[in-house]
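To keep things clear, I will list the structure first and then write my remarks on it.
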Amino acid sequence: MPNETTTSTETRAFDHQHSSSKGDEWWRSAVIYQIYPRSFADASGDGIGDLAGITERLGSLRDLGVDAVWLSPFFRSPQRDAGYDVSDYCDVDPIFGTLDDFDVLRGRAHDLGLRVIVDLVPNHCSSDHPWFRDALAAGPGSPERDRFMFREGRGENGELPPNNWQSIFGGNAWTRITEADGTPGPWYLHIFDTSQPDFNWKNPWVWEQFRQILRFWLDRGVDGFRVDVAHGLMKKDCLPDIVQVAEAGGLADSISAPDEVPYWAQPEVHDVWRDWNAVLAEYSGDRVLCAEAWVEPLAKAALWVRSDEMHQAFNFSYLGTPWNAARLRSVIDESIAAFTAVGAPSTWVLSNHDVVRHASRYGLSAADASPATGIGPKSADKPDEALGLRRARAASALMMSLPGSAYLYQGEELGLPEVIELDDHVREDPTFHRTNGEVYGRDGCRVPIPWESAAPSFGFSDSGASWLPQPPLFASYARDQQAGNPGSTLELYRAALAARAQFALGTGSVTWLDGFGSDVVALRNGAISVIANTGATAVELPAGELVLASGALESGLLPADTTVWIITD
Ligand code: BGC
């Protein structure tokens, strides 16, 4: 892998021990780039990305203009759910490197002015974690078993699961164990894969372990945590049956699950976030907790970011909004109102490692298609690549103009589409396997990203290896094809992030502009007017200086599926 050189010598290094006064914290307006370590850059040549690979490529993220990186899990794990099945929270999995590699990465990122957020998975661990092994070995009634959710089965001999809960990845949410003496034992709960036993968060021992894990990484200099399944953790006492069981369809479908789902959004979960808030407050440097909570409506998601809880929550309502002006205006209003009411910034996100890339989502004919079910060779609705990219560029330009904090997912700055043509046998997402291939799942957004069009595995790995096969079309999306090319998606993102910083859009506010018609989202944030045309008819633009355009104008008009930023006269 070529050693990265950055295009600028400017250094934005910061003092990560410095605390700002309340209201001025960096995360309120930050652009945070999600690195999916398996698929970002592979220094070892084994075809799986690693920490050393990330360190070598960090300069390109500084050049992109982001403020922070969030790393999906790189902890010890048997990788049955790509690292979201952790077997040691305080060590690096050998496939990704070592703790020393992490320290080097963190140091390099800070030198470049990039903060580092790590992913913490508190709802469950891996069934290979010594805590779960101890629980199996210790036997019924032991303190070790009480760290997890073991229950006797129903039926005459306990042969039926304790309730009717289904795994988010498909199939039953309970697995029966066999005791050491060979007799059938109780069942344990796993809201996700069988290999991901849920913790019993009613047990104070679990609380103490996670405080220690937080401190371990805070002491190592991380700037915060993205908290996995932050609407889970607490289950309703008695574990009642769900009246209407949702079809397995992936994480995003849990957003529409009825309020009474007894394992989501239980009120006691907020006590955990208050406890974690206090742990972070022991440290200087505005450390941040960001909730992955698939909760609607936004006013409810905002409960996760009350002033003594977390600091940010992903805005999945925004992610799920189709390319439609009325819907976009409404979700932007609702987001700002909901988060402002609790004194938190709104966040914005269009893609991540769990959903179909937005460059493909916007090219589907079903505007409201679930973002999380995946697309594969047999899907009836296949995206129109050109249309999807055009809309994605327009949607990203709109998102980057909004006040608050924006999350980008690796590869979206290249306009990467979802990879659809993946053979069944290469797919790794447990969703695909647990639904017998009915739900394609998330492999298509996780394919290693292209850096250099002519290099082996497009520069992902010198060896040419890649844990998921990259399609030939990735060559045209490679970073080296786009860098310095004024019409490219990469240059659009760079220009947007530079202008966002220059005009302080992240700390600005939204005022709606009228008179552009019902298909147009038009707003003003500080000096910048943002006009996004979601309709089919070109619209007239006000006079002014064009700061950026997501696509070419047509005789001065704003064409379909295009966004501009203008400094109006
Ligand atoms: C993560 C997923 C993961 C699941 C279980 C999610 O919310 O983002 O990738 O499969 O949690 O840990």
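We count ligands from 1, going down the list as the structure has it; atoms in each ligand are counted the same way.
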Does only the side chain of R226 get under 4.0 Å from ligand 1, or the backbone, or both, or neither? Count heavy atoms. side chain
Between Y33 and F40, how do the two ring planes meet: parallel, tilted or perpendicular, split at 30° and 60°? perpendicular
Can you list the atoms of ligand 1 that are under 4.0 Å from a heavy atom of H124? 5 (C), 12 (O)
Short list, please: which atoms of ligand 1 are under 4.0 Å from a heavy atom of V229? 7 (O), 11 (O)
Under 4.0 Å from one or more heavy atoms of D81, ligand 1 contributes atoms 3 (C), 4 (C), 5 (C), 10 (O), 12 (O)
Heteroatom distance test (E292, ligand 1): nitrogen or oxygen, under 3.5 angstrom: yes
Validate the cation-pi geometry between R147 and W205: distance from NZ or CZ to the six-membered ring centre under 6.0 Å, angle to the ring axis within 45°. yes
Does ligand 1 have any atom that is closer than 4.0 Å to a heavy atom of R80? no
Give the atoms of ligand 1, by number and element, whose distance to some non-hydrogen atom of R446 is under 4.0 Å. 9 (O)
Contacting atoms of ligand 1, where contact means under 4.0 angstrom from a heavy atom of R442: 2 (C), 3 (C), 9 (O), 10 (O)
Under 3.5 Å, is there a donor on one side chain and an acceptor on the other for S72 and Q34? yes
Looking only at the aromatic ring of each residue, does the gap between the centers of Y84 and F192 stay below 6.0 angstrom? no
So which heavy atom on I177 is nearest to which on Y188, and how close? CG2-CD2, 3.6 Å
Could you walk me through whether D81 and R442 satisfy the salt bridge (charged side-chain N to carboxylate O under 4.0 Å, His left out) test, starting with their C-alpha distance in whole Å, then the side-chain angles of each, then the deciding distance to 0.1 Å, before giving a yes or no? CA-CA 11 Å; D81 183 23; R442 303 163 293 174; 3.2 Å; yes
If you count the atoms of ligand 1 from 1 in the order shown, which ones are under 4.0 Å from a heavy atom of H353? 1 (C), 2 (C), 8 (O), 9 (O)
Does NZ or CZ of R211 fall inside the cone over W276's six-membered ring, less than 6.0 Å from its centre and within 45° of the axis? no
